[in-house]
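Working notes, structure below.
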Amino acid sequence: MARCLIALGAQAAQPAITARIEPASIALGDSAQLTVNVNGSQEQPELPHVNGLEFTPTGQSTQIEDINGETSASSACTYDVTAARAGTFTIPGIQAGGAVSTPVSLQVGPGSPNAAPGGLGSNSTALPPPSVGMTDQDNSAPPPDNASAFLRLVAPKRDFYVGEVVPVEIKAYFLQSLDPELQNVPALETEAFTLNPLGDKPEQTEETINGRDYSVLTWHSTIAAVKAGSYPLSLTMPVTLPVPVTPSGDSGAFGDGFFKSFFGSTQRKEVELHSESQTIKIAELPTENRPANFSGAIGRFKVAASASPVEVAVGDPITLRLNIKGAGNFERITPTDLLTTRSTEWKTYKASATFQPQDSVGYQGSKTFEQSLVPLNQGIQKIPALTFAYLDPETRHYVSEQTQPITIRVTQAPVGTASVIPVQATDISPKTGIQQDLAPNKIAPGTFVSTLRPVFFNPWFLAGQLLPIGACAAGLMVARRRNTLAKDSRLLRSLAADCAVREEVQAMDSAVAKEDAAAFFLSARGALQQRLGERWRMLPQAITLNEINARLNGDGDNIRPIFEFADAISYSRQSPDAEGLREWKSLVLNELKNLKEQNDHTLN
Amino acid sequence: MTIPSIKHTVSTIVALIVGGTLCTWVAAGSLGSRGLSATSFDGANRAFAESHFNEAVQKIDAVITAHGYSAPALFNLGNSYLCAGKTGLAILNYERARLLAPRDPDIAANLSTARNAAGIAVVGLPWGEVFSHGLSLNAWAWLASFALLGMCGALLTGAFWQAARVPSRFAAVGCAVMLAAALGSIVLRTPQLGEAVITTKNVVARISPFASAATAFPLNEGQTVTIKSFHAGYALVTTADDRRGWVATSDFAALIPAQQASAHIPASAG
């Protein structure tokens with residue numbers, strides 16, 4: 001037990017490395033992500049060289065943990081994995097800190113994932129297989145040596161070009177009395193060709209050859225030639241078949257053939273089926289009359305171009321589409337920029353491609369490239385013709401297909417945007433490295449600010465916020481005062497009386513200054529009427545000398561003469577002089593003050 | 001007090017609020033914005049397209065020095081730095097661009113690319129911070145200002161106009177919610193103002209502010225740290241995983257530069 005614990009402890013101290021690739025199957029031109037995790041070491045993993053695969057680092061993270069004084073480090077590195085050709089690749093064990101990961105495999109099919117051949121694609125069963133030009137004679141050809149199981153490869157031709165893709169049919173025949181068990185799918189026996197991955201669910205049919213009934217498994221796929229020369233083309237497939245076993249001791253109890261065959265036992269045994277070898281001539285691509293823009297497309301294709309919208313303003317994007325339809329090696333038709341020539345009229349962006357297969361192996365179909373173009377000048381009238389070159393393997397000549405120029409109309413950009421558009425079409429220059437992965441530069445400079453500090457650090461901004469707060473507080477106080485007055489009629493009358501008394505006192509002062517006794521006593525009576533009206537809750541004008549006599553009884557000795565004088569002076573020629581008016585004024589003010597105090601006392 | 005005098009008072013108050021706030025906005029806006037220069041900006045783009053990244057950096061820097069900061073200018077500057085191999089300065093300028101245009105998908109994409117190139121893990125934000133990053137800090141500030149103005153206006157309208165009292169209260173509550181959201185977002189985003197980005201390679205944080213002090217932990221170029229204090233050419237910083245150490249001020253640049261319109265020069269964050 002102790003020995004086990006020691007062993008476990010030693011194992012925990014060793015660094016551990018794991019490698020994972022996702023997805024494990026990709027189409028040529030796509031990429032997979034390889035993730036390498038290293039625990040217990042900070043060393044960078046050493047990636048092995050794999051012929052045909054390219055590894056691009058995309059990220060790295062390192063984590064150091066200190067738990068109870070024990071420091072442990074782990075790191076994760078990710079890589080983009082792209083393949084230069086189709087096939088199955090094995091990435092050997094990756095080393096870091098003395099540890100080695102387990103190898104991982106990557107299967108690379110031709111074209112887009114939609115075109116995954118051999119029934120691997122989910123929609124492959126919905127598409128018909130490609131025609132391989134097989135005749136009835138091919139089908140009814142006798143089996144080799146009347147074999148009970150054999151393999152047959154049907155290819156439509158014997159002459160290939162390097163890079164050419166040819167549809168093939170692979171058939172495995174088994175006598176119906178056999179109960180075969182497939183160990184693997186058929187595989188090529190030569191390195192001069194590549195075979196698209198085959199699905200694990202082949203078509204199952206029945207055929208009668210030479211009067212014997214066979215169960216037939218059929219795979220549809222494509223093969224491609226990778227190097228020039230003459231090479232044998234053959235397939236092999238491991239299967240497990242029941243093989244008769246002769247009982248030991250021929251002189252058994254019954255000793256005749258009937259009993260041998262009746263009671264003789266069979267044993268399941270793994271055998272390799274081989275197809276007949278065919279010699280294929282693989283030729284280099286002809287150099288004569290090869291177009292400059294030929295990118296390796298071999299087959300028969302038709303091209304068509306379209307653009308939308310066709311009426312735009314300067315700076316507005318146009319989507320240009322080039323559709324290539326036909327049969328051939330679509331994976332070699334790469335998404336190169338459609339507008340390949342340098343132009344001061346256009347700003348171009350990287351083209352994208354989509355492939356729509358029309359058979360189960362992606363031999364026939366249509367590939368559409370889309371590219372965004374931005375016209376930089378007003379008055380551009382057409383998008384130039386696009387050319388696409390391919391090699392026709394039947395005629396053995398290169399063909400250049402050309403689209404028609406597309407007529408467009410480019411108008412002036414709206415005011416305010418034209419000044420920022422005319423970046424020259426320098427973006428057409430090839431981009432390299434990380435520049436390809438970046439979102440492109442902005443064309444418009446945008447709105448400039450003098451500082452990145454937020455505006456709420458600006459004193460003007462803060463001061464501005466106090467304004468509505470202060471105004472709101474003041475307004476609410478006014479509103480509250482207004483509501484208070486509306487609810488208290490006595491206070492409202494008191495304020496109104498104060499205001500009226502002030503006006504009358506001002507008139508008294510003016511009258512004294514002018515020595516106008518009549519005006520003085522009218523104002524003095526008016527002021528007293530306001531105070532008394534407030535006190536008795538009646539109209540000031542309704543307060544007369546009689547009202548004062550009735551309400552004040554014995555009081556009001558100083559008020560009564562003022563009313564009497566005011567009544568008398570209008571028809572009396574006698575009037576006090578300036579000194580007399582000032583004494584009267586003092587008397588009136590004194591009475592007004594007394595009345596105010598009495599009223600306020602009552603109000604409170 | 002007569003009815004005409006009350007109406008006069010209300011009119012005066014409303015005019016003061018609206019006029020004063022507008023004046024403030026205009027003053028703050030005029031202090032913040034400047035004219036633009038399309039020609040020099042295009043020149044920088046041309047240099048970038050021709051893969052003259054250092055020249056592109058110089059030209060965009062000239063634009064920023066002359067006209068101030070803009071999200072596109074900072075974004076393009078980040079692109080130029082990244083292509084020139086200066087990942088830390090690229091991340092710094094992407095972060096600054098994101099302050100002005102937080103919802104720009106191009107900035108987010110290139111920032112992510114730059115962080116991946118620098119080997120820095122990208123951590124997602126909690127939902128509250130995602131909300132607060134929906135607008136720039138300036139936009140939140142202006143939204144708060146509008147909400148405050150609306151709330152004051154609604155309160156006054158309800159106080160002086162009986163018929164509009166109920167709708168005014170609803171409006172005031174709505175404005176108050178908006179104000180709270182804006183202020184909350186500003187509070188959540190405020191720590192970002194103290195952040196800085198490591199702009200040089202092979203940077204280490206030390207246990208004390210001296211060149212001879214022991215190393216506390218290494219820092220990646222492009223890593224974001226938060227500045228706590230300064231001492232003699234060093235700043236005490238904390239990392240996202242709460243490690244603390246002293247870093248030379250020449251090794252990082254504050255997200256909000258101390259001086260105006262100098263985007264790529266690592267500025268001390270004081």
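In what follows, every chain begins at residue 1, and chains take the letters A, B, ... in the order their sequences are listed. Reckoned from all heavy atoms, side chains included, excluding hydrogens, waters and symmetry mates. Keep in mind that what you see is a predicted model, and the values were worked out from it rather than measured.
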Which residue out of B/L148, B/N220, B/I107, B/L100 racks up the most heavy-atom pairs below 4.5 Å with chain A?
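Among the listed options, the one with the most contacts to chain A is B/L148.
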Identify which of B/N79, B/N110, B/L137 forms the greatest number of heavy-atom pairs closer than 4.5 Å to chain A.
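The residue among B/N79, B/N110, B/L137 with the greatest pair count is B/N110.
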Region of A/L495 in contact with chain B, defined by heavy-atom distances below 4.5 Å:
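For A/L495, neither part sits under 4.5 Å from chain B.
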Any chance the side chains of A/Q371 and A/T319 put a donor and an acceptor closer than 3.5 Å?
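No, A/T319 and A/Q371 have no side-chain donor paired with an acceptor closer than 3.5 Å.
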Are A/F461 and B/W142 close enough that their ring centers fall under 6.0 Å?
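Centroid separation for A/F461 and B/W142: below 6.0 Å.
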Identify which part of [X] has an atom lying under 4.5 Å from any heavy atom of chain A, answering side chain, backbone, both or neither.
X	answer
B/D104	side chain
B/L255	backbone
B/L155	both

Is the backbone N or O of A/I94 less than 3.5 Å from a side-chain atom of A/S101, with the two atoms forming a donor-acceptor pair by type?
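Indeed, once roles are kept as given, a pair shorter than 3.5 Å links the two residues.
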Name the member of A/P459, A/G470, A/A479 that forms the most heavy-atom pairs with chain B at distances under 4.5 Å.
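Max contact count across the listed options: A/A479.
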With under 30° as parallel and over 60° as perpendicular, where do the rings of B/F75 and B/Y94 fit, or are they tilted in between?
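Correct class here is tilted.
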Might you confirm whether atom CZ of A/R481 has over 12 heavy atoms from other residues, nucleotides or ligands at distances under 6.0 Å?
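No, CZ of A/R481 has 12 or fewer neighbouring heavy atoms, counting only those of other groups under 6.0 Å.
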Between B/L99 and B/R189, is a side-chain contact (heavy atoms from CB on, under 4.5 Å) present by the stated rule, with each step listed?
CA-CA 10 Å; B/L99 280 177; B/R189 294 273 300 278; 4.2 Å; yes
